[in-house]
Amino acid sequence: MPPKKSAGKKPAAKSVAPKPAPKKPAESSGEAVPAPRKGMGPIQSVRGMRDLLPADQHYWRRVNRLSEELANAYGFERIDTPMVEETSLFIRGVGRSTDIVEKELYSWETPGGENVALRPEGTASVVRAYVQHGMLNQPQPVKLWYVGPMFRYDRPQAGRFRQFYQLGFEAIGDADPVIDAQLMIVGWSFLRGLGIDAVVRVNSLGSPESRANYKNALVAYFRAKRAKLSDDDKRRLLKNPLRLLDSKDPAVQEMKAEAPQIVDWLDEESKAHFMRVLEYLDEVGVPYQLDPYLVRGLDYYTKTVFEWYAAGDDQELAQSALGGGGRYDGLVEQLGGRPTPAAGFSFGLDRIVSRIKDTQPSTAIGYKAEVFLAQLGDMGRKKAIALFEEFRESGIPVGEAFSKANIKQQMEIANRQGAKWVVVIGQKEVLDGTAIIRDMEAGSQEIVDAKKVVHEIKKKLGRNGE
RNA sequence: GUGGCUAUAGUGUAAUGGUUCGCACAGGACCCUGUGGAGGUCUUAGAGAGGGUUCAAAUCCCUCUAGCCACCCCA
C-alpha cells in the first residue's frame with residue numbers, strides 16, 4: 001500500500017519508486033487533515049455479497065440458457081418483479097413468524113415513509129403481480145418463471161450468501177395434481193440437463209385444516225415430553241412445531257418414532273391428490289423419496305412439498321438443498337386475491353453452479369474467436385480496424401489485439417482465443433490490396449484479394465449458405 | 001443471532017520471535033513491426049484493518065473485518 005504509516009520505527013528506506021509521491025508533508029498535514037479515518041484498508045465487498053467473476057460466468061450462462069430453454073418447452077413465461085417490495089407483502093406472504101421475515105429481512109423506511117424490503121424470495125412477488133394485473137382473467141393456470149437475486153440477512157457460510165440467485169417456476173390458478181408433478185418434472189429436467197444427479201424428496205402437508213390438526217397433535221405429543229427437549233427444540237415447539245421433526249437432537253429422533261405421522265392426519269382429498277402426484281412421477285420415471293418429515297420454512301405451503309438434494313450427498317451436508325417448492329393454495333387469497341390454487345418451486349443457483357463447478361470442472365477459455373485479425377504497421381492497423389467492423393457485421397466472432405504491434409504476440413493471442421483462421425494485414429498487403437489468410441491448424445497460408453476476405457472466411461467457416 | 005477455526009502478491013503456497021518475506025503459476029516488457037503453442041532475460045505485485053507486547057513480530061496478545069465449519073435457518 002502506498003500510504004504507509006509514519007516512518008517512525010521502520011527506517012524502511014528502500015529505494016522508492018522513481019516518483020516519490022509526495023504523500024505526506026508530515027508536519028503541515030498534521031493539522032490540516034481532519035481525522036485520520038481508522039480502518040483504512042482496501043475496500044471489500046459487503047459481508048455476504050460477492051462478485052461473480054468472468055472465470056465463472058460460463059457456468060452461469062449455461063444455467064441461464066437451460067432455464068430459458070426449459071421454460072419455453074414447458075410453457076412458462078418470463079416475469080421480472082422488483083427487488084424492493086412493501087414489507088407487508090412478505091409478512092403476509094412468507095409468514096410473520098418465519099425466520100426469513102423475523103430476522104433475515106433487509107427492510108427499511110424510505111424517505112417518503114414507506115416500509116419496504118429487499119425480496120427474500122420470489123413467490124410472494126409473483127403472486128402479487130398475478131393479483132395486481134388481473135391475471136386471473138387469463139387462461140389458467142398462468143405459468144410464470146423468473147430468475148434474479150434474493151436477499152436474506154443471514155450469517156454467510158458455504159453455499160449461503162446474503163445476496164443469492166434463485167430460479168423459480170410458478171403455476172397459478174390450477175389445483176390439479178398434474179401441475180405439482182409437472183413442476184417436479186421441470187426441476188428434474190433442469191438438474192439432469194446440467195449433469196447433476198439429484199433426488200427429490202416429497203411430502204404432503206395436507207389442507208390448512210388437516211395441517212393445523214396435525215400440528216396440534218404434534219404439539220400435544222411433544223409438550224408432554226417437554227422436559228426432555230433442548231432449548232432450541234422448545235423454541236421450535238412454540239414457533240414452528242413441524243420443524244421439530246428434523247431436529248438433530250437424538251432424543252427427539254427417538255421421540256419421533258412414536259410421534260403422530262402426518263399421513264395419518266391428511267384429509268381424504270389431500271391424500272388422493274398426493275397419490276396422483278406420485279403416480280405421475282412414477283409414469284415419467286422421476287426418482288423421488290417419500291419423506292414424511294419434510295416441512296418447509298415458509299408458511300404458505302399446503303399439500304405437496306418437495307426439496308431437491310444432490311444425490312451422493314447421502315450425508316446431509318449443511319446447505320445441500322438445491323431447491324424446493326410445493327403447492328400454496330392459500331397464498332393468492334392471503335395476498336388479497338380470490339381463492340386460487342397455485343404451486344411452484346425455486347432453485348438456489350449459487351449452490352447449483354458451485355455443484356457443477358466441483359463435479360464438472362471446465363476447460364473453457366475466456367473469449368473465443370473464430371477469426372483473428374493481425375496487423376502490422378500503422379497502415380495495416382488502420383485497415384484492420386475497418387475490416388474488423390466488416391467481420392463483426394457479418395456475425396463472425398472475430399478477435400483482435402490492435403494495441404499490440406508485435407506480430408508474434410498477436411499470433412499468440414490468436415492462438416489463445418482459439419481462432420482457426422488469422423487474417424494478416426501489413427503494409428505490403430495494404431499496398432497490394434490483399435490480405436493473408438492463415439490456417440492455424442495446418443500452418444499454411446494464402447493471399448487473397450482484400451475485398452474478398454470476409455467472403456473467403458465465410459466460405460471456410462461453411463457459412464456461405466446464408 | 002451462538003460457538004469454533006482461519007487470514008502472506010491475482011491464484012496456490014514456504015519460512016525455530018532475529019537480514020531485504022522464499023517459490024510456482026498467472027500478469028507485463030524485451031529477445032522479436034512480418035507469423036502461434038516452447039524457451040530465455042528482466043519486471044510488476046504481498047503480510048485483511050487497527051492497536052498492544054518486545055531490542056526485534058508474518059510469527060505472540062487484543063479488537064474489528066471477512067471467509068470457512070458446526071448450530072440456527074434455508075436456497
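Proteins get letters first, then strands, A, B, ... in listed order; numbering begins at 1 in each.
Using a 4.0 Å heavy-atom distance criterion, A:Y165 is classed as making no nucleic acid contact. A:I436 comes within 4.0 angstrom of a base, heavy atoms only. Residue A:G443 is in base contact, counting any heavy-atom pair closer than 4.0 Å across all strands shown. Here A:G377 lies in heavy-atom contact (under 4.0 Å) with a base.
Residue side chain A:Q375 does not reach the base of B:U33 through any donor-acceptor N/O pair under 3.5 Å, judged by distance alone. In this model, no side-chain donor or acceptor of A:R235 finds a partner on the base of B:C72 within 3.5 Å. Judged by distance alone, with hydrogens and angles left aside, A:E429 brings a side-chain donor or acceptor within reach of the base of B:G34, the pair sitting under 3.5 Å. A donor N or O paired with an acceptor N or O is found under 3.5 Å between the base of B:G36 and the side-chain atoms of A:R438.
In this structure, the ring of A:W145 has its center no less than 6.0 angstrom from the ring center of A:Y74. Side-chain rings of A:Y153 and A:F151 stay apart, their centers remaining 6.0 Å or farther from each other.
Put simply, CZ on A:R50 is 15 Å from C1' on B:A66, counting in whole angstrom units. Rounded to whole Å, the distance from CZ on A:R47 to C1' on B:G67 is 9 Å. Per the geometry, CG belonging to A:D358 stands 14 Å off C1' belonging to B:C68, to the nearest Å. In this structure, A:E412 places its CD atom 10 Å from P of B:A29, rounding to the nearest Å. To the nearest angstrom, P of B:U35 lies 13 Å from NZ of A:K428. In this structure, A:D154 places its CG atom 9 Å from C1' of B:G1, rounding to the nearest Å. Distance CZ (A:R162) to P (B:G67): 8 Å, rounded to an integer number of Å. What separates NZ of A:K420 from C1' of B:G37 is a distance of 17 Å, to the nearest Å.
Comparing the C1' positions of B:U6 and B:U59 gives an interatomic distance of 15 Å, to the nearest angstrom. Separating the C1' atom of B:A38 from that of B:A56 is a span of 47 Å, rounded to the nearest Å. B:C31 and B:G37 have their P atoms separated by 16 Å, given to the nearest Å. Between the P atoms of B:A14 and B:G48, the separation comes to 15 Å (whole Å). B:G12 and B:U8: their P atoms are spaced 8 Å apart (whole Å). Comparing B:U13 with B:U63, their C1' atoms sit 29 Å apart, to the nearest whole Å. Separating the P atom of B:A26 from that of B:C62 is a span of 40 Å, rounded to the nearest Å. When the P atom is compared between B:U35 and B:C68, the two are found 50 Å apart, to the nearest whole Å.
Residue whose closest nucleotide on RNA chain B sits further toward the 5' end, between A:K103 and A:M411: A:M411. Nearest-nucleotide positions on RNA chain B for A:R236 and A:S45 put A:S45 closer to the 5' end.
The main-chain N or O of A:E307 is never found under 3.5 Å from a side-chain atom of A:R201 such that the two would form a donor-acceptor pair. Looking only at distances, no side-chain donor or acceptor of A:Y300 sits under 3.5 Å from a matching main-chain atom of A:A124. Side-chain N or O atoms of A:T304 include none that pairs as donor or acceptor with a backbone N or O of A:D180 at under 3.5 Å. Between the side chain of A:Q417 and the backbone N or O of A:A419, no donor-acceptor pair lies under 3.5 Å.
Put simply, A:R243 has a side-chain N or O that comes within less than 4.0 Å of OP1 or OP2 on B:C74. Considering only side-chain N and O atoms, A:Q409 lies nowhere under 4.0 angstrom from the phosphate OP1 or OP2 of B:C32. Phosphate proximity of B:A29 to A:K404: present, with a side-chain N or O under 4.0 Å from OP1 or OP2. OP1 and OP2 of B:G1 both lie 4.0 Å or more from every side-chain N or O belonging to A:R155.
A donor-acceptor contact closer than 3.5 angstrom is absent between the side chains of A:E104 and A:Y106.
Nearest nucleotide to the side chain of A:N415, out of B:U35, B:G37, B:A75: B:G37. For A:K408, counting side-chain heavy atoms from C-beta on, the closest listed nucleotide (B:C68, B:G37, B:A75) is B:G37. For A:R152, counting side-chain heavy atoms from C-beta on, the closest listed nucleotide (B:G36, B:C71, B:A75) is B:A75.
When all heavy atoms of A:A129 and A:I79 are compared, the closest pair comes out as CB-CD1, 3.9 Å.
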For RNA chain B, the dot-bracket notation using Watson-Crick and G-U wobble pairs below 3.5 Å, [ ] for pseudoknot-type crossings and | for other-strand pairs, is (((((((..((((....[...)))).(((((.......)))))....(((((..]....))))))))))))....
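Residues passing the salt bridge (charged side-chain N to carboxylate O under 4.0 Å, His left out) test with A:K382, sequence neighbours excluded: A:D378. Contacts of A:K460 classified as salt bridge (charged side-chain N to carboxylate O under 4.0 Å, His left out), with partners at least two apart in sequence or in another chain: A:E446.
We find that the ring of A:F347 and the base of B:A75 do not stack by the test of centres under 5.5 angstrom and planes tilted less than 30°.
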